[in-house]
Amino acid sequence: MEAFLTLAKAELTWLYVEPARHRQGIGRVLLCHVLEAGDSARIECTVPAGNDNARALYESAGFVVVETKAGKLAGNERFAATGHVMEWHRP
């Protein structure tokens, strides 16, 4: 599997692209499809601090950071981490 995206209600829980396929537009295509095809007025995601490429992708699609959290993040409960909660609102 080269890439996948998981959306649960109004939360984008996973957007993963195999490292060998980074910077080829795959993540952008998946993200744009969800934003265009969905009917949610708002979508949220959490980007780990330090993942600047992911944050730049989301920001380029209109997401903004609304909060930064430290502690056990969903999907990463075994390790402490810092994540930026980002939101997108349908124009």
Side-chain angles (χ1 to χ4, degrees):
M1 179 179 304
E2 295 181 357
F4 67 89
L5 181 144
T6 306
L7 184 68
K9 296 185 183 178
E11 182 181 8
L12 196 155
T13 55
W14 288 98
L15 172 53
Y16 176 80
V17 178
E18 295 257 355
R21 303 291 294 196
H22 283 187
R23 315 281 313 160
Q24 296 178 20
I26 296 168
R28 183 172 308 282
V29 168
L30 290 172
L31 182 59
C32 288
H33 175 73
V34 165
L35 298 179
E36 292 170 4
D39 59 0
S40 294
R42 177 190 148 283
I43 295 177
E44 177 181 296
C45 68
T46 302
V47 177
N51 191 341
D52 298 332
N53 289 336
R55 183 172 170 178
L57 170 65
Y58 291 118
E59 287 175 340
S60 74
F63 282 78
V64 295
V65 174
V66 294
E67 182 180 3
T68 298
K69 294 182 177 181
K72 311 259 185 212
L73 302 178
N76 192 23
E77 293 85 4
R78 292 179 48 192
F79 305 98
T82 299
H84 304 293
V85 179
M86 302 185 79
E87 288 184 357
W88 172 86
H89 294 270
R90 186 168 304 285

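All values below were derived from every heavy atom in this structure, side-chain atoms included, with hydrogens, water molecules and symmetry-related copies excluded. Quick caveat: nothing in here was measured; it's all calculated off a predicted structure.
- The SG atom of C45 lies 11.0 Å from the NE2 atom of H84; values are rounded to the nearest 0.5 Å.
- Here the side chain of T13 pairs a donor or acceptor atom with the backbone of T6 at under 3.5 angstrom.
- A continuous path of Ile, Leu, Val, Met, Phe, Trp and Tyr side chains, each step under 4.5 Å between heavy atoms, connects M86 with L30, placing both in one hydrophobic cluster.
- The CD atom of E67 lies 9.0 Å from the CD atom of E87; values are rounded to the nearest 0.5 Å.
- In this pair, F63 and W88 present their aromatic rings tilted. The plane angle is within the 30 to 60° band.
- With respect to Q24, the side-chain hydrogen bond (donor to acceptor under 3.5 Å, both in side chains) criterion is satisfied by exactly one of R21, R28, H22: R21.
- In this structure, the side chains of L15 and V34 stay at 4.5 Å or more apart for every pair of heavy atoms.
- Atom CG in L7 sits 11.5 Å away from atom CD in E44 (nearest 0.5 Å).
- One hydrophobic cluster holds both V65 and L57 under the rule that ILVMFWY side chains link at heavy-atom gaps under 4.5 Å.
- Residue-environment remark: CZ (R42) exceeds the threshold of 12 foreign heavy atoms within 6.0 Å.
- Following chains of ILVMFWY side-chain contacts shorter than 4.5 Å, one can reach V47 starting from L35, so the two form part of one hydrophobic cluster.
- Atom CD1 of I26 is separated from atom CD of E18 by 9.5 Å, given to the nearest 0.5 angstrom.
- Under a hydrophobic-cluster definition in which Ile, Leu, Val, Met, Phe, Trp and Tyr are linked whenever side-chain heavy atoms come within less than 4.5 Å, directly or via other members, L5 and I43 are assigned to the same cluster.
- Atom NE2 of H89 sits in a crowded spot, with more than 12 heavy atoms from other residues, nucleotides or ligands closer than 6.0 Å.
- Across all their heavy atoms, A70 and T82 have their closest contact at CB-OG1, 3.9 Å.
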